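Below is one structure; the comments refer to it alone.
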Protein chains: 2
Amino acid sequence: MDIGEVAKRSGVPASTLRFYEEKGLIRSVGRQGLRRVFGGDILERLALIALGRVAGFSLDEIAHMLGSDGKPNIDRALLEKKADELDKTIQTLMAMREGLRHAAVCSAPNHMECPTFRRLLGLAAAGAIKGEGSGKRPRRR
Amino acid sequence: MDIGEVAKRSGVPASTLRFYEEKGLIRSVGRQGLRRVFGGDILERLALIALGRVAGFSLDEIAHMLGSDGKPNIDRALLEKKADELDKTIQTLMAMREGLRHAAVCSAPNHMECPTFRRLLGLAAAGAIKGEGSGKRPRRR
DNA sequence: GTACAACTTCAAGTCAACTTTAAGTCAAGG
DNA sequence: CCTTGACTTAAAGTTGACTTGAAGTTGTAC
């Protein structure tokens, strides 16, 4: 497979594939002339990378977990730590979602006078100040 | 209150407060000499801003919602849209969390051979390809 | 009255994860 | 033979949300 084929099949742009290679996240099996040739397992590896990204790992963390060579070298303790972080994020987001839903229908003349909203505000403020552990990365396109 | 006081009470660095002022997110009530003086309501406003950030709004969106003047001018439809987005994010994150938990305890010799893990992988890949709507911003310190 | 910490402005720097651009290489089709 | 389009590299640009640095001013404690 050449890079265009991988891009088409995986949905990951060629520029990103080159970038990932440069970062050591993926490797081509060789070249035909100048052109990279990828093996079929690249798609699985890209899926793994996508998984890591969604779970909130940085590319560097993912590179470390996947190792430069073959099979995933995953630290189970780290996985559980991330799962816990994810869980906390989920709790916060659920509170936020309820808060937004409430704010959208709340009849108080001004949100500031609504106790539900004020509780939410406190939560957000607390989260903003001490909330160091979340670490979700954006996916902008 | 001077800027240092606000920083101490809110946990928001002075540099960020100046930046927020420049962006139109907050305003000082005046100056003493060169120094900004803030009213007590600044803390509430900062909490609102924190709330918006956690909920996934950009600073520009927040500036728009809060209006340049006083009371929040919140678009209810937009709130519900964000709540829905948040809900989708939560669903994905919950799946991820389960996947991570599973991966951490899975006994398959290699994650690739575990059907649970493979299902998760598919989910991540699908999310990475079509997943455009999440939009969580990072909070790095 | 002077030292100094805390403020001020403005410009530039940082970070992650890419994307874009410029300039070039190359196999295949007409 | 020559054009075309997909590839190549290296370097620079983008975005959002800040932070940092340099150079200057000021309120307060001694």
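Residue numbers begin at 1 in each chain, while the letters A, B, ... track the order of the sequences. Here the structure is a predicted model, which is why all the values come from computation and not from measurement.
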### Task
Quickly work out the A:Glu5 CD to D:dA6 P distance and round it to whole Å.
13 Å

### Message
Would the distance check show the side chain of B:Arg45 and the main-chain N or O of B:Leu25 forming a donor-acceptor pair, the cut-off being under 3.5 Å?
### Response
yes

### Task
Would you mind telling me which of C:dC18, D:dA6, C:dT20 lies closest to the side-chain atoms of A:Arg35?
D:dA6

### Task
Could you check how far CZ of B:Phe19 sits from P of C:dA11, rounded to whole Å?
15 Å

### Spacing of A:Ile3 atom CD1 relative to C:dT19 atom C1', expressed in whole Å
14 Å

### Query
What's the closest nucleotide to the A:Arg18 side chain, out of C:dC18, D:dT9, D:dT19?
D:dT9

### Task
Under the salt bridge (Lys or Arg N to Asp or Glu O under 4.0 Å) rule, what do B:Glu80 and B:Arg76 come out as? Steps first, then yes or no, please.
CA-CA 6 Å; B:Glu80 281 185 355; B:Arg76 294 173 194 282; over 6 Å; no

### Query
Base, sugar-phosphate alone, or nothing: which one does A:Gly33 contact when heavy atoms must sit under 4.0 Å apart?
nothing

### Message
Could you tell me how far apart B:Glu21 (CD) and C:dT9 (C1') are, to the nearest whole angstrom?
### Response
12 Å

### B:Leu59, nearest nucleotide to its side chain (from C:dT19, C:dA6, D:dA17)
D:dA17

### Query
So, is B:Tyr20 near the phosphate of D:dA17, with a side-chain N or O under 4.0 Å from OP1 or OP2?
no

### Task
Starting at atom CE of A:Met1, determine the distance to atom P of D:dA6, rounded to an integer number of angstrom.
18 Å

### Message
Please tell me if B:Arg31 has a side-chain N or O lying less than 4.0 Å from either OP1 or OP2 of C:dT9.
### Response
yes

### Message
In this structure, how many angstroms lie between the C1' atom of D:dT28 and the CD atom of B:Gln32, rounded?
### Response
13 Å

## Note on the structure
In whole angstroms, the gap separating C1' of D:dG16 from CG of B:Leu25 amounts to 13 Å

### Task
For the side chain of B:Arg36, starting at C-beta, report the closest nucleotide among C:dT9, D:dC7, C:dT19.
C:dT9

### Query
So which pairs with a foot in residues 28-38 of chain B pass salt bridge (charged side-chain N to carboxylate O under 4.0 Å, His left out), sequence neighbours left out?
B:Glu21-B:Arg36

### Task
Of all the heavy-atom pairs spanning B:Ala7 and B:Ala14, show the shortest one and how long it is.
CB-N, 4.0 Å

### Message
Quick check on C:dT19: is either OP1 or OP2 less than 4.0 Å from any side-chain nitrogen or oxygen of A:Thr16?
### Response
yes

### Message
If you only use heavy atoms from C-beta on, which nucleotide in D:dC7, D:dC18, D:dT25 is closest to the side chain of B:Leu34?
### Response
D:dT25

#### Entry: Lys/Arg-Asp/Glu bridge criterion (N-O < 4.0 Å) met for B:Arg18, B:Glu22
no

#### Entry: Rounded interatomic separation in angstrom, taking CD1 from B:Ile62 and P from D:dG16
13 Å

